[in-house]
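Worksheet: the structure to be examined is printed underneath.
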Amino acid sequence: MPQRKSLGELLAETPTLIVDLIKSEVEHLKAEVASKAKGYGIGAGLLGAAGFFAIFLFAWLLHAGFEGLNEVFAPWLSALLVAAFLLLLVGILALAGLASINRSKGGLETIDSIKDDVNMVKGLGHAADGTDPLDDLPSRNGGAR
């Protein structure tokens, strides 16, 4: 029959058990993160390879379209139509990209908040933009004051 430990012995072992538990959890976390990182790396590599071949596929489809248009039009006109399609595609993508960039413009709220905090600590009593910093706080009805 195993010998029972006294309360003092159990309390003396507690810090060691806690340290061992934390070490075990950290090792488990390291192994789990390494496994996930390996999976993400393989997935990213496969997606990169798919993108690489997609570029060639797109070029081949453009060539097939050019050859198909050659059956109906003169080769110079077929090339011009394919180029016009590409120009249209580039224009649409460029406009969509510019619109996305314009939507993302503006200052970061966190940086503005930090500037407000610094001004309050300095005793200036106003936000970095010259307004009352309390205006940014939500009011009781859910909106800003």
Side-chain angles (χ1 to χ4, degrees), residues 1-72 78-145:
M1 184 167 188
Q3 183 182 5
R4 300 183 89 188
K5 296 183 179 181
S6 69
L7 179 61
E9 291 173 330
L10 290 174
L11 288 175
E13 288 180 3
T14 302
T16 305
L17 292 173
I18 290 173
V19 168
D20 290 343
L21 176 64
I22 291 172
K23 285 180 181 178
S24 172
E25 289 294 335
V26 167
E27 290 300 318
H28 182 261
L29 179 64
K30 285 180 184 178
E32 188 176 355
V33 167
S35 172
K36 295 236 183 239
K38 180 180 177 184
Y40 285 138
I42 291 171
L46 291 172
L47 284 174
F52 177 77
F53 287 110
I55 291 170
F56 289 106
L57 173 66
F58 184 68
W60 192 253
L61 288 173
L62 287 174
H63 177 71
F66 170 73
E67 291 295 331
L69 288 172
N70 277 342
E71 297 294 321
V72 179
S78 298
L80 189 62
L81 290 173
V82 171
F85 166 74
L86 288 173
L87 181 63
L88 180 67
L89 181 64
V90 166
I92 290 170
L93 292 174
L95 289 175
L98 288 173
S100 177
I101 289 171
N102 286 335
R103 280 192 306 270
S104 299
K105 282 186 178 176
L108 297 174
E109 291 180 20
T110 304
I111 291 175
D112 292 340
S113 177
I114 291 170
K115 288 178 182 177
D116 293 349
D117 294 343
V118 168
N119 283 341
M120 290 298 286
V121 169
K122 287 180 179 178
L124 297 177
H126 61 80
D129 59 2
T131 62
D132 184 356
L134 299 178
D135 288 341
D136 296 337
L137 296 176
S139 65
R140 291 185 185 164
N141 62 6
R145 274 184 4 125

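Between A79 and F66, the closest heavy-atom pair is N-CE1, 3.4 Å. Here the closest non-hydrogen pair linking S78 and N70 is OG-OD1, 3.0 Å.
Separating the NZ atom in K5 from the CG atom in L11 is a distance of 12.0 Å, to the nearest 0.5 Å. One finds the CH2 atom of W60 at 9.0 Å from the CD atom of E67 (value rounded to the nearest 0.5 Å). With rounding to the nearest 0.5 angstrom, the CD atom of E25 is 9.0 Å from the CD1 atom of I22.
In summary, of the residues considered (L89, L88, L95), a side chain to side chain contact (heavy atoms under 4.5 Å, CB included) with I92 occurs for L88 alone.
Under the 30°/60° scheme for interplanar angles, the aromatic rings of F56 and F52 are found to stand perpendicular.
Distance alone, capped at 3.5 Å, places no donor-acceptor pair between the S100 side chain and the A96 backbone.
Between S6 and E9, some side-chain heavy-atom pair lies under the 4.5 Å cut-off. A 4.5 Å side-chain heavy-atom check between L62 and F85 finds at least one atom pair inside the cut-off.
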